[in-house]
Every structure is written in C-alpha cells, then in structure tokens.
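We count residues from 1, following the sequence as given. As a basis for the values below, the full set of heavy atoms in this structure was taken, side chains included, without hydrogen atoms, waters or symmetry mates. For ligands, and for the atoms within them, numbers begin at 1 and follow the listed sequence. This is a predicted model, so every value here is computed, not measured.
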Amino acid sequence: MEQVFIKALPVLHTLIEAGHQAYFVGGAVRDSYMKRAIGDVDIATDAAPDQVERLFQRTVDVGKEHGTIIVLWEDETYEVTTFRTESEYEDYRRPSDVQFITSLEEDLKRRDLTINAMAMTADGKVLDYFGGKKDIDQKLIRTVGKPEDRFQEDALRMLRAIRFMSQLGFTLSPQTEEAITQEKSLLSHVSVERKTIEFEKLLQGRASRQALQTLIQTGLYEELPGFYHKRENLMAASKFPFSALPSREELWAALLIDLDINTKDAPLFLKTWKLPGKVMKEAIHIVHTFKQNLNVMTMYKAGEKSLLSAVKISQLRQNGKLDEEKLKDIQNAYQSLPIKSLKDLDITGKDLLALRNRPAGKWVSEELQRIEHAVVTGKLSNQKKYIEEWLKRCGQH
Ligand code: ATP
Ligand code: MG
C-alpha cells in the first residue's frame, strides 16, 4: 500500500472502529493500480455526514446535503463522502437531491467510468465490481453501465471520458464513443463552469492530441463554448503540445493563437468560458506579445512573465519542445533592460512640470513616454542630469 494511503488509514480505522464501513475510492485507487502519481485520497463510508462530523475533531462541511465532509487529519485533508445514489436526474445534469445508502456496490455503480469505480479496503484489497482493472490493462475508457443512460443522467460524463483519455493515454470503448456521438448535444445542458474544469484538464493531459481529435470525431466539440465553427482550427490545435504549458493563462493563450482568434475577438471567446478576469487579461496580453516582433521595446512592454510565456508558445509551435537555453537568454536580455517600468525612470512628472514651467496636461505623460522610449532603446541614459539635458536639446513637444 502506498504511503498516501497509509497516512490516511487512521481516518478509515476511526470510521470502522465506530462500526461503519469505510473504503478508499475513486481516482486514488485507479492511480494506485496504474502505479501513477496519486492525487487526492477520497474516502467513502456508510456513516451519515453528521456521524462523520461527530467522529472527527476537525471537519469542514463542504456539501453535507450531497454527503461530503472534509476531515482534517494531521497535515492532510480528506473528502469523506457517504455512500449515495443519484436516482433523480434532472435536465441531464447532476441531481440536487441524493439518497444516502448502505451499499458500497450501489455507490460505486453511480460513478462515471469503470476505472473510477473501484474501492480499496483498509488492508489494501481492491474491490472491482465493474471490470475497472481489466479496462486499465486494456487502456480503455468505459462507462459503468450503458453509456447512453449514464450520459443522459449527467452529460458532463462525455467530456470527462475524453478528459481521462487525454490524461491517461487511453482510448474510448467503441460503445462509449458511439454513445458520445449520439448524445453529444446533451452537453449543452451542462454549466460552463463544469465544462471549463474538464476542458482545461483535457488540454493538460499527455495525450491531448488524441483527445482533441476524438472531440472532433464525435462532434462533442460543437457543444463547447465558441467552438462551433472551429473544426479545422481545432484540428490544427490538436498538434500543439499543451501539456508543456503549466499555467492556465498560457494554455488559453496558446489555444487562442491556434484557433486564430485575434485579440479583438478574444475577450468574447474567453468570456463564454467564464474565465476569471485576471486569467483573460493575461492570456490576451500573452497573445498580443506573441504577435509582436521581439525587440527591446516589445520586451519591455510585455513584462518578464508574459514575454517568457509568449516565447515558450512560439518555441512549442515551431519545434514541439522548449529551448531552455534560449529562454534563459531572453530572460537575461529582459533583465538587462535599463528600466522595467515608468516608475524606474530617474525623472517624474513633477520634475517635468518644474522644468518646463507649464501647467499640467496631457503633455506630461507624452513627454514621459518619449523619455521612456529613449531610455529603453538605449538612446538616453537613465540619469536625471542626462535626461534634463536631453529634454533641453529636444525642446518642447
Ligand atoms: P483527478 O485525479 O483528476 O481528480 P478523479 O478520478 O479523482 O481524478 P474527480 O473529478 O476528482 O476525478 O472525481 C472523483 C470521483 O468521483 C471519480 O473518480 C468518480 O468516481 C466520481 N465522479 C466524479 N464526477 C462524476 C460524474 N460526473 N458522474 C459520476 N461520477 C463522478
Ligand atoms: Mg479528484
């Protein structure tokens, strides 16, 4: 048993000693069987949320009505979820109402994919009622039960199936793929926020190329925000190695470039994905920088972070991989710029007012920009006395 499970065993034992059933479930069991890095360790139990709260000293109620309590144990947090079924699905979305039950098997049955529907006992035995191990061995993504039924219950599962393809490098079972092709339009009932989470994970997966191609082949891409007329661009985008970009901003910037969405149309596109304003702004700034020829002025305007993001995207588009040495060179070139922002100028607007003896106006910021340009491009040294001399020579503009 891996260290992350051993560390979580006291939580399982506390539940078991109080007379309940408790198991590790979901992604951690899958990743352990695959000998892959294990993410969050989730726990399922037949104890009701109130009972879970009473058994542990430190808990957080993150959705008691759905059965989930977070248990803090040493320096870790664990989601402990009461066995449940989701019998009432409304509008192809996850239900608002759930029923708590006492059967592990019934709980596992409501999970989306066979690979995600395994459990592990406190002594490390894997319980696999739906052929999850066999599907992992065959690298197959398959729903628990009939795919059409499962997608009608919650249409997000179609996108999740393709997201796991991307992360694990698996293929869809023929029935699962067929059902996605058939039921794809149901995805329109799912909230954008849920789609965005899965789509970002899909892009960052190691097999994003196959996953994006499957999105196209099944037609599911049509139900993603802003993608309807983008089939060809998306096909081209599938070749981009998104997994080499760790940040959300870079990911969306690369996508905008691949989809040939210009900086004018980008805000609307990103808004349909309901991205936070900060992410949108930075993604668009990276695209803007990407489109410029690199010189000291464009480097200065970009700022270090966006500059490096734009160069990374450019390298990945050209060579499919990063050139760390060149990145370091560009970073050094940025570091040796005489100033990094207007604030670094050795002269202020106030100084200009005194020097020119003119009332304040637009001319102040215009003149500061002229000085900024001259300093950044190396025509003028960033020292007050030289700047003042230069201003006298240049006269008043
Ligand atoms: P990751 O490592 O990306 O977190 P995960 O398998 O833990 O992968 P989550 O999205 O965190 O995936 O979901 C946890 C578990 O909950 C899944 O393994 C699956 O059993 C179940 N699950 C999540 N979303 C759904 C859904 N829409 N329908 C059915 N079961 C789901
Ligand atoms: Mg998880």
Undergrad: Under 4.0 Å, counting heavy atoms only: does D154 come that close to any atom of ligand 1?
TA: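 Under 4.0 Å: yes for D154.
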Undergrad: Hey, are E53 and K64 close enough for a salt bridge, meaning a charged N less than 4.0 Å from a carboxylate O?
TA: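 The answer is yes: the pair qualifies as a salt bridge.
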Undergrad: Closer than 4.0 Å to some heavy atom of R30 - which atoms of ligand 1 meet that?
TA: 2 (O), 5 (P), 6 (O), 8 (O)
Undergrad: Hey, which atoms in ligand 1 end up nearer than 4.0 Å to a heavy atom of R110?
TA: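 Atoms satisfying the 4.0 Å criterion: 29 (C), 30 (N).
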Undergrad: Given 3.5 Å as the limit, does a donor-acceptor pair link the side chain of D31 with the main chain of I38, or not?
TA: no
Undergrad: Go through F227 and F199 one step at a time and tell me if the ring pair (Phe, Tyr, Trp, His ring centres under 6.0 Å) criterion holds.
TA: CA-CA 12 Å; F227 278 10; F199 185 66; 5.5 Å; yes
Undergrad: Kindly confirm or rule out an N or O of D31 lying under 3.5 angstrom from an N or O of ligand 1.
TA: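 Between D31 and ligand 1 (N or O atoms, distance only) the closest approach is not under 3.5 Å.
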Undergrad: Select one of side chain, backbone, both or neither to describe which atoms of D112 lie under 4.0 Å from any atom of ligand 1, heavy atoms only.
TA: both
Undergrad: Indicate yes or no: does an N/O atom of D42 lie under 3.5 Å from an N/O atom of ligand 1?
TA: no
Undergrad: Which option, R111, R36, E79, owns the non-hydrogen atom nearest atom 21 (C) of ligand 1?
TA: R111
Undergrad: Heavy-atom contact check, 4.0 Å cutoff: does G39 meet ligand 1?
TA: no
Undergrad: Answer yes or no: is there an ion pair linking K392 with E389, defined by an N-O contact shorter than 4.0 Å?
TA: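 Judged by the 4.0 Å cut-off on N to carboxylate O distance, K392 and E389 do not form a salt bridge.
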Undergrad: Out of R110, R160, R194, which residue meets the side chain to side chain donor-acceptor pair (under 3.5 Å) rule with D154?
TA: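 When side chain to side chain donor-acceptor pair (under 3.5 Å) is applied between D154 and each of R110, R160, R194, only R194 qualifies.
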Undergrad: Check each atom of ligand 1 against the heavy atoms of K201 and keep those under 4.0 Å away; list them by number with element.
TA: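 In order of number, 3 (O).
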Undergrad: Going by heavy-atom distance to atom 17 (C) of ligand 1, choose the closest among E153, M158, R160.
TA: R160
Undergrad: Closest approach of T82 and D107, non-hydrogen atoms and distance?
TA: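 Looks like O-OD1, 4.2 Å.
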Undergrad: Name the one of D258, I286, L251 that satisfies side chain to side chain contact (heavy atoms under 4.5 Å, CB included) with I313?
TA: I286
Undergrad: For D46 and Q21, test the side chains for any donor-to-acceptor distance below 3.5 angstrom and give the result as yes or no.
TA: yes
Undergrad: Show the atoms of ligand 1 that are less than 4.0 angstrom away from any heavy atom in G26.
TA: 18 (O)
Undergrad: Heavy-atom distances under 4.0 Å are what count here, so tell me which part of R163 touches ligand 1: side chain, backbone, both or neither.
TA: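 Side chain only; the backbone of R163 stays clear of ligand 1.
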